[in-house]
Amino acid sequence: MMAAPVQAAAKENATPALASLLRHPLLRPLAALAVLLLIDLVAIPGFFHVSIKDGHLYGSLIDIVNRAAPLMLAALGMTLVIATRGIDISVGAVVALSGTVAAMLIGGGPQAETPLVWAMAAAIGAALLCGLWNGVLVSALGLQPIVATLILMVAGRGLAQLLTDGQIVTVYYEPFFFLGGGYFAGLPFSLTVVALVFAVIALMMRKTALGLFIQAVGINPVAARLAGLKTASLMIFVYVFCAACAGLAGLMISSNIKSADANNAGLLLELDAILAVTLGGTSLAGGKFSLVGSVIGALIIQTLTYTIYSLGVPPEVNMVVKSVVVFLVCLSQSAEFKQLFSRARTA
Amino acid sequence: MIKAPNAAAPVLELHGISKQFPGVKALSDVGLTLYAGQIHTLMGQNGAGKSTLIKVLTGVYAPDSGTIVMEGREIRPGSTQDAQRLGISTVYQEVNLCPNLSVAENIFIGRYPRKFGMVDWGGMRAQAARLLEQLEVRIDVRAQLSSFPLAIRQMVAISRALNISARVLILDEPTSSLDEAEVQLLFRVLRKLRDQGMAILFVTHFLDQTYAISDRITVMRNGEREGEYACAELSRLALVNKMVGAPDASEHPAELVHPGAAQEPPAVLMQARGLGRKGALAPLDLDIRAGEMLGLCGLLGSGRTEAARLLFGADKADSGTLRIGERSHPFASPRDAIEAGIGFCSEDRKHEGAILELSVRENMMLALQARAGMLRAIPLHQQEALARDYVKWLGIKTADIDTPIGSLSGGNQQKVLLARWLVTKPAMLILDEPTRGIDVRAKQEIMDYVSGLCRKGMAILFISSELPEVLRCSDRLVVLRDRKACGEYQRGELDDTSVLQVIAGEAA
Amino acid sequence: AKPLTIGFSQVGAESEWRTANTISIKDAAKKEGVNLKFADAQQRQENQVKAIRSFIAQRVDVIAFSPVVESGWETVLREAKAAKIPVILTDRAVNVTDPTLYAAFIGSDFVEEGRRAARWLVERAAKTPDRTFNIVELQGTVGSAPAIDRKNGFAEVIAANPKLKITRSQTGDFTRAKGKEVMEAFLKAQGKDIQVLYAHNDDMAIGAIQAIEEAGLKPGVDILVISIDGVKGAFQAMIAGKMNVTVECSPLLGPQLMSIARDVVAGKPVPKRITTVEGVFPAEVAAKELPNRKY
Amino acid sequence: MKSPYFTPLVTVVLLLAMLGIGGAVYPGLLSVQVILNLLIDNAFLLVLAIGMSFVILSGGIDLSVGSVLALATMISAWLLQVAHWPPLAVIALVLLLGALFGGGMGAMIHYFKLQPFIVTLAGMFLARGLCYLISINSITIEDPLYLAMSQTQLGFLGGFVSPSALIALVMLALAIFLGHFTAFGRGVYAIGGNEQSALMMGLPVARTKVLVYAFSGFCAALAGVLFSFYMLSGYGLHAQGTELDAIAAVVIGGTLLSGGYGYVAGALSGVLVLGTIQTLIAFDGTLSSWWTKIVIGALLFIFCVVQRLMAMGAARRAAG
Ligand SMILES: Nc1ncnc2c1ncn2[C@@H]1O[C@H](COP(=O)(O)OP(=O)(O)OP(=O)(O)O)[C@@H](O)[C@H]1O
Ligand SMILES: Nc1ncnc2c1ncn2[C@@H]1O[C@H](COP(=O)(O)OP(=O)(O)OP(=O)(O)O)[C@@H](O)[C@H]1O
Ligand SMILES: [Mg+2]
Ligand SMILES: [Mg+2]
C-alpha cells in the first residue's frame with residue numbers, strides 16, 4: 001500500500017525494461033524502505049545530514065547501517081536456513097555465547113590475555129559447534145527445526161551465563177573494538193564485514209550450485225534426494241553457516257558495546273532476523289530466497305527502530321507503531337491487497 | 001440455446017473461453033458442449049490446454065473471457081466448491097488428495113456421513129470400503145493415503161468423484177497410471193453412470209481407451225478447439241493428424257527393430273542377487289546388461305516400483321547383494337547409485353520428481369549437477385544450451401527454459417524430468433512409467449529416442465503399465481506377481497494375450 | 001536441630017545487579033548453615049508462582065521471593081498462609097489486600113531512588129543558576145516496577161524546578177546495547193543540546209557513555225550522567241570522570257534475609273518494612289568507595 | 001516424518017518415566033498435589049496450546065497468543081477495576097475480542113496471502129503494545145467472582161484442583177471433539193496436509209483458515225481469563241515468551257509443525273512435559289539461573305531425542 005503510489009506513478013510511462021523492473025521482487029521491500037526514509041526526511045530535521053568527524057562519516061544514516069550490521073548478518077544466515085524450510089531460533093543464544101567466549105578470552109585488562117585472533121577464532125569456533133549441533137539434530141535425527149533449535153536457544157544462553165557467572169564482562173583491550181566500532185574507508189567497519197560475508201555467499205550462489213541445491217531441498221526434499229543431492233550435509237551446512245553468521249554478529253555486538261552481556265546480548269534477535277527475511281520477500285515455506293531482500297529487510301527494521309527513537313515516540317507506544325508498520329509493509333507486498341484496493345478505486 | 005428437437009438439451013456449454021497466463025495463451029476462444037448420457041473425450045497434445053479448460057470450467061481459474069452455461073443458466077463457479085455445489089465433480093490431472101488423511105476420509109471429506117451431529121467414522125469406513133470394492137480395490141481404508149502407491153491414490157480420487165452425486169463428471173487423465181484391468185473396471189463404472197444420464201468429460205492420451213468409451217471427441221490444438229466429432233466418424237489416423245495438425249503423420253511408425261536383441265548377450269552391467277526388503281519385495285535375482293532394455297511387468301501393486309527403488313537405493317534393501325563394477329553391496333542412498341552411473345525417473349512426478357517452483361532448466365540440471373558436485377557448477381551458458389537442446393528434442397512446450405516447471409502441462413513436466421536423467425548420460429536408467437501423461441505422438445518419439453540410447457550401450461530398466469509398450473520395446477521381460485519375480489522371457493516369447501495370462505498367474 | 005530450610009524464588013539473571021543479589025543470598029545461606037532451595041523464574045511471574053507452589057508442596061520453613069511485579073500474589077500467598085509457611089519479600093513489594101499474607105519486606109524504595117537522583121541534579125543545577133538543563137532519560141523495561149518508580153520519583157522532584165526539563169525519554173530495556181543505541185539516536189536528533197543523561201540503571205548509562213564519546217562529546221562534562229544501582233562498572237566510569245553520580249540500590253540482602261527468616265520462624269516480632277541502607281555516590285567519592293564494592 | 005502417530009504414545013510413556021525417576025530422586029515429588037499442581041499451574045498454557053494445535057495442524061503458526069493473553073488480562077482488569085463492569089460481561093467481551101483479533105489475522109493471512117509467521121508476529125507486537133496503551137502499571141483485580149475463581153479449591157483424590165484447571169480440561173475435551181469429530185476439524189487436517197488439494201477437493205478453505213485463527217485467538221483470550229484468575233491482575237508484561245512454550249508443547253506432543261499430522265490431545269502431554277521439567281528443577285532447588293537454563297535444554301534434548309528414536313524404532317517395527 002505504501003509502495004502503491006510510487007509504482008502507479010512510474011507505471012504510466014513504463015517501457016518494457018521498466019515494466020520488468022516493476023515486477024522485480026525486490027521492488028516492494030525497497031519501496032517500503034524508501035517510504036520510511038521519506039517519513040524521516042520530512043519529520044526529523046537533519047536526518048540525512050552526514051558530516052565527517054574524526055576522519056569518518058557521522059550521522060543517523062551511518063548509525064542505522066552500523067546498528068543493522070549484526071541483524072543483517074543474522075538475517076543472511078537465517079535466509080539459507082529458511083530456504084531449506086527450516087528455522088533457527090537459537091541465533092540470539094549463539095550471539096551471546098560467541099561474544100562471551102571472545103570477551104572471556106581477551107579478559108578485562110588493557111592487554112589481551114589471549115591473542116585477539118585466537119579469541120575471535122574460538123568464538124566463531126563455538127558458534128560453528130552450535131551450528132553443527134543444530135544441523136545434526138535436524139538432519140540426522142530428524143527433529144523439527146523449531147524444537148531442535150529451541151534446545152540451544154534455552155541452553156546456549158545458560159552456557160554463556162555460566163561462563164561469565166552472570167556478570168557483564170567489560171573489555172578494555174582497544175583492538176577488539178574495531179570490529180563493531182571501528183571505521184574503514186570512512187564507513188563503519190561492521191559494514192565492510194557484512195559486505196564481505198555477503199560477497200562470499202553471493203559468490204557461492206553464483207559460482208557453485210549451492211543456491212540450486214538449497215532451493216531444491218527446500219521445495220521438495222524427497223525429489224531432491226532422489227536426484228542425488230546430499231540433503232543431510234546440506235542441512236548441516238545451512239545451520240552451521242547460520243550459526244557462524246550469528247557468531248560473527250555476536251562478536252560485532254560485544255565489540256560495539258565493549259563488553260559481553262550474556263544475559264541480554266542478542267535477546268530476541270532471532271525474531272528480528274526472521275522478520276527481516278520475510279520482509280525481504282523470502283517465504284517461510286522454503287524454496288526461493290533473496291539475500292539482498294533480507295539485507296533490505298534488516299535495514300527496514302533498523303530504520304524503523306531508529307525512527308521511533310528519533311521521533312520521540314513515547315516508549316509505551318513503540319510496539320503499536322512497530323506492529324502497524326509491519327502490517328503495512330506486509331500488505332504493500334500482497335498482490336491480493338492491491339487488487340482489492342484498485343477494485344475499490346474503480347468501483 | 002435452441003437445439004435440434006431430436007437431440008437432448010446440453011447439460012453444459014462453454015462458449016468462447018480464453019485464458020492467458022503470463023507469456024502463454026493457454027486457451028483462445030474454446031467452446032465445448034456436454035450432453036447428458038454421453039461420454040465426451042477431450043484429446044490433444046501435451047500443453048494443448050485440456051487441463052486448463054477443465055480448471056476454468058470448475059472454478060480453479062477465472063477465464064479472461066467466455067461464458068459457461070449449465071442447463072440453460074449461466075454459471076460462474078468461483079471455486080471448486082462452487083462447481084461441486086452446481087453438480088460438477090472433478091478428478092484433476094495431478095492427484096489432489098490429502099496424504100495425511102486416511103483413505104476413507106479422502107473419499108468423504110467435505111460430506112461426511114454423520115451420526116448425532118458427529119462424523120460417523122464407522123459408517124464412513126464401511127461406505128468407503130464398499131465404494132472402492134466397486135473398482136476392486138481392497139485396501140485398509142483406515143490407512144493413511146500416503147502409504148499407497150500412485151495408482152491406488154488415483155483410484156481413491158476417482159472413487160471420491162464418483163461418490164459425489166453430480167450431473168457432470170470430469171476425469172482428467174485418470175487412467176495414466178492404471179493398468180489395463182483397472183481401466184476396464186473404471187470404464188464399466190463410467191458406462192453405468194452414463195446410462196444413468198450423467199454427462200462425462202474424459203481426458204486421455206490412449207487412443208484405445210478413447211475409442212473404447214467415447215461417444216464424442218473434441219480435439220484441441222495449441223489452446224484452440226480444432227473440432228468436435230462423433231467417435232464413430234473419426235478414424236484413428238485422422239484423430240492423430242488433427243491433434244498434431246499435420247496431414248501426413250502416420251499413426252504407427254515402423255516396428256522397432258533392436259539389433260542388440262539378435263546378437264550375443266552383452267556383458268552384465270548390474271547383477272542383483274536375492275535383493276529384497278521385508279514387506280516390499282521378495283528376494284529378487286536380476287541381471288541387467290548394457291545395451292539392453294529390460295522390461296518389468298506385472299499387475300498394479302505387483303512390486304515393480306519397489307524393485308526399482310531397491311535397485312536405485314531409494315529404499316534400503318535388507319537382504320541380498322548388488323554387483324555393479326567393483327562394488328558388491330546394495331546402494332545405501334540414491335547418491336550412491338547415481339555415482340555408479342544409474343538414473344531413476346520416478347513414477348510420482350509431483351512428489352518425487354518435479355521441484356515445482358524451480359525453472360525447467362534448473363529441474364533438468366539437478367541430477368547432473370548433483371553428480372558433478374556442488375562446487376563444480378555447470379556454467380550457465382552450458383546449462384542453457386543443454387536445456388534448449390532437450391526442450392527441442394523432446395518437444396517440450398514451454399514459454400522459456402526459465403519458466404517454473406509448475407506452470408507446464410503435466411505431460412511436459414514429465415518430459416522435463418525424463419530429460420533430467422537423460423542429460424546425465426547414465427550407464428543404466430530406470431524408467432518407472434516414463435511416458436505417463438505424454439501424448440501419443442510424443443510417447444512414440446520418446447521411446448524411440450530411449451531405444452536409440454539403449455542401442456548405443458545404455459542399460460534400461462523399463463516399467464510401464466502399458467503392456468503393448470513394454471512388449472514392443474523390451475529385449476527381455478521380467479514378470480512380477482505379488483511382489484515376487486515369477487518368470488523371465490526373451491523378446492518375442494510373449495504376445496499381447498499370453499503376457500496377460502502370465503502376469504495374472506494363469507499358467508502361460 | 002534440623003537446619004532451617006528457605007525456599008527462595010529469584011526473578012532471573014537479567015542483570016549484574018540481580019546476579020549480585022543471588023550471590024549475596026546464596027552466600028549468606030551457606031554461611032549460616034541454612035538449607036536454601038533456589039528457583040529461578042526466568043523473568044516470569046507464573047514461574048515464580050509455580051516455584052512457590054512447589055515450595056509449599058515441599059514444606060519448606062520459610063518462603064522468600066523477589067516479586068517480578070507487585071500484583072497478582074493474593075492466591076498463592078493464601079495457600080502459603082494456609083500451609084502455615086511464613087513469607088518474606090525481598091527487593092520489591094507486593095500489592096495484597098491482606099497484609100498478614102507476608103511477614104516482612106526487605107528492599108529498596110525505587111521511587112526514593114529516583115528522587116535521590118533528581119535531588120543530586122537539583123543541587124548541581126543550583127551551582128549554575130542561569131543555566132537550563134535539557135535532560136534525556138533512558139527508561140528501564142516498559143512496565144517494570146523499577147522503571148515506573150524511578151521515572152516517577154525523578155519527575156516528582158524536578159517538577160518544581162523550571163530549569164530542569166526532560167526533553168526525550170525512551171526505553172533502553174536496562175541493557176548496555178540498547179542504552180547505547182537509543183543514546184546515539186538522541187544525540188543525532190538533538191545534537192549538542194543535551195545537558196543531562198538520566199539512566200534507570202548503570203548498564204544503560206555505560207552504554208550511553210560510549211555513544212556520547214563517539215559523538216565527540218565528553219560524558220560527565222558536556223553531558224552530566226546520572227544513574228542508579230551502583231555496580232562496579234559505574235564506579236570505574238566515575239573514576240575515569242565519565243559519570244557523575246550513581247544512586248545505590250543494594251542487592252546485598254542475603255544476611256538481612258537470613259536473620260529475619262530466623263526471627264520469623266522463632267516467632268519473634270519483626271518489622272514489616274525493612275529498608276536497606278543505601279547511599280548516593282557522586283564521582284568525588286568513587287575512588288575511595290570502589291574497593292568496598294561487592295558487586 | 002513418516003511416523004507421527006507413534007509420537008503421542010511415546011510422549012506419554014516418557015512423561016511417566018520422567019515423573020517416576022523424578023519421584024525416586026526427589027521425595028515428595030510424587031504426591032497427588034504436586035501432580036495436580038501441574039494442571040493448576042499450566043491450565044492457561046494448556047488452553048493456549050489447544051488453540052495453537054489447531055493453527056499448527058492447519059499448517060500455520062500463531063505467535064500472538066502470549067500477547068493476546070496479556071491483553072486479555074489487561075482489558076479484564078481495566079474493565080473491572082476502572083470501568084466497573086460486571087465480571088461475566090467482561091469475560092464475554094474479552095473472549096469475543098480475542099476471537100475477533102485472531103479472526104482478523106486469519107483473514108489477512110488467507111485473503112491477502114500473507115505469511116502466518118509475520119502477520120502473527122505483528123499481531124504479537126500490536127497486542128503487547130495495546131496493553132501499554134491501557135496502562136504500563138499492573139492493575140490488581142479485586143472482583144469477588146475473580147477472587148472466588150482464584151481461591152476456590154475443588155477437592156480431588158485427596159488434593160485439590162482449581163476451577164481454571166477444570167475449565168482447561170473441559171476445553172481440551174471440546175477441542176478433541178472439534179478436531180476429530182466435526183467437519184471443521186477434519187478440514188483443518190486436510191488443509192494442513194495439502195492446502196491446494198483441500199481447495200481442489202472443494203473444502204471451505206477460506207472459512208476454515210479464518211476460523212482456525214479466530215479459535216486460537218479465542219483460546220488465547222480464554223487463557224488470559226484463566227491467567228487473570230490465576231494472578232488476579234492485568235499486566236502488559238504477563239506471559240512474555242509463552243507463545244514459544246505453547247508451540248513447544250504442541251510439537252513435543254507429537255504434532256508436526258509443517259501441519260496435518262498429530263492429535264489435539266498431544267497438547268496436554270506436551271504441556272505436562274514442560275511443567276514436569278520445571279517441577280523437577282524447582283524440587284532440585286540447587287540450580288543457579290544459568291544451570292536452570294542448561295538443564296531445561298538438556299532435559300528437552302533428552303526428551304526429544306528419545307522420543308524421536310522410539311518413534312523411529314516403532315515405525316521400523318511396524319513396517320518390518
Ligand atoms: N498456472 C500456469 N501458469 C502458466 N502457464 C500455465 C499454467 N497452467 C498451464 N499453463 C500453460 O498452459 C498451457 C496449457 O496447459 P494444460 O495443462 O492445459 O495442457 P494439457 O492439454 O492439459 O496438457 P497435458 O496433456 O500435458 O496434461 C501450457 O502451455 C502450459 O504451459
Ligand atoms: N489392487 C490392490 N489392492 C490392494 N492393494 C494394492 C492393490 N494394488 C496395489 N496395492 C498396494 O500397492 C503397493 C505396492 O505397489 P507397488 O508400487 O509395488 O506397485 P507397482 O507394481 O509398482 O505397481 P504400480 O506402479 O502400477 O503402482 C502395496 O502397498 C499394496 O498394498
Ligand atoms: Mg493436462
Ligand atoms: Mg509403480
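Order of the sequence lines sets the chain letters (A, B, ...), proteins ahead of strands, with each chain counted from 1.
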Using the side chain to side chain contact (heavy atoms under 4.5 Å, CB included) rule, take A:F327 and D:L126 through it: C-alpha gap first, then chi angles, then the decisive distance, then the call.
-> CA-CA 10 Å; A:F327 273 130; D:L126 182 63; 4.0 Å; yes

Give the intermediate values and the outcome of side chain to side chain contact (heavy atoms under 4.5 Å, CB included) for residues D:L257 and A:V147.
-> CA-CA 10 Å; D:L257 201 65; A:V147 235; over 6 Å; no

Between chain D and each of A:L137, A:I89, A:V321, count heavy-atom pairs under 4.5 Å; write down the option with the most.
-> A:L137

Structural part of D:I247 lying under 4.5 Å from a heavy atom of chain A | side chain

Sort A:L279 into side chain, backbone, both or neither according to what part of it lies under 4.5 angstrom from a heavy atom of chain D.
-> both

Chain D and chain A: which donor-acceptor pairs fall below 3.5 Å?
from, atom 1, to, atom 2, distance (Å)
D:F112, O, A:S334, OG, 2.8
D:Q115, OE1, A:L284, N, 2.7
D:Q115, NE2, A:T282, O, 3.1
D:T255, O, A:Q144, NE2, 3.0
D:L257, N, A:Q144, OE1, 2.5
D:K293, NZ, A:Q161, OE1, 2.8
D:R308, NE, A:L141, O, 2.6

In this structure, CG of D:L114 is separated from CZ of A:F337 (nearest 0.5 Å) by 9.5 Å

A:I151, A:V324, A:V320, A:V317: which one forms the most heavy-atom pairs within less than 4.5 Å of chain D?
-> A:I151

Taking the side chain as every heavy atom from C-beta outward, state whether D:M108 and A:L331 have any pair of such atoms under 4.5 Å apart.
-> yes

Which region of D:I136, side chain (C-beta onward) or backbone (N, CA, C, O), has a non-hydrogen atom less than 4.5 Å from a non-hydrogen atom of chain A, or is it both or neither?
-> side chain

Gap between atom CD1 of A:I87 and atom CD1 of D:I61 - 0.5 Å precision = 6.5 Å

May I ask you to name which of D:A122, D:G129, D:G59 has the most heavy-atom pairs under 4.5 Å with chain A?
-> D:A122

Against chain D, label A:L271 side chain, backbone, both or neither, depending on which of its atoms sit under 4.5 Å from a heavy atom there.
-> both

Select one option (side chain, backbone, both, neither) describing which atoms of D:L121 are under 4.5 Å from chain A's heavy atoms.
-> side chain

Kindly give the heavy-atom pair with the smallest separation between A:L143 and D:C304, and that separation in Å.
-> CD2-O, 3.8 Å

How many angstroms lie between atom CD1 of D:I294 and atom CG of A:L162, to the nearest 0.5 angstrom?
-> 4.5 Å

What one should report as the nearest heavy-atom pair of A:A155 and D:G297 is CB-CA, 4.0 Å

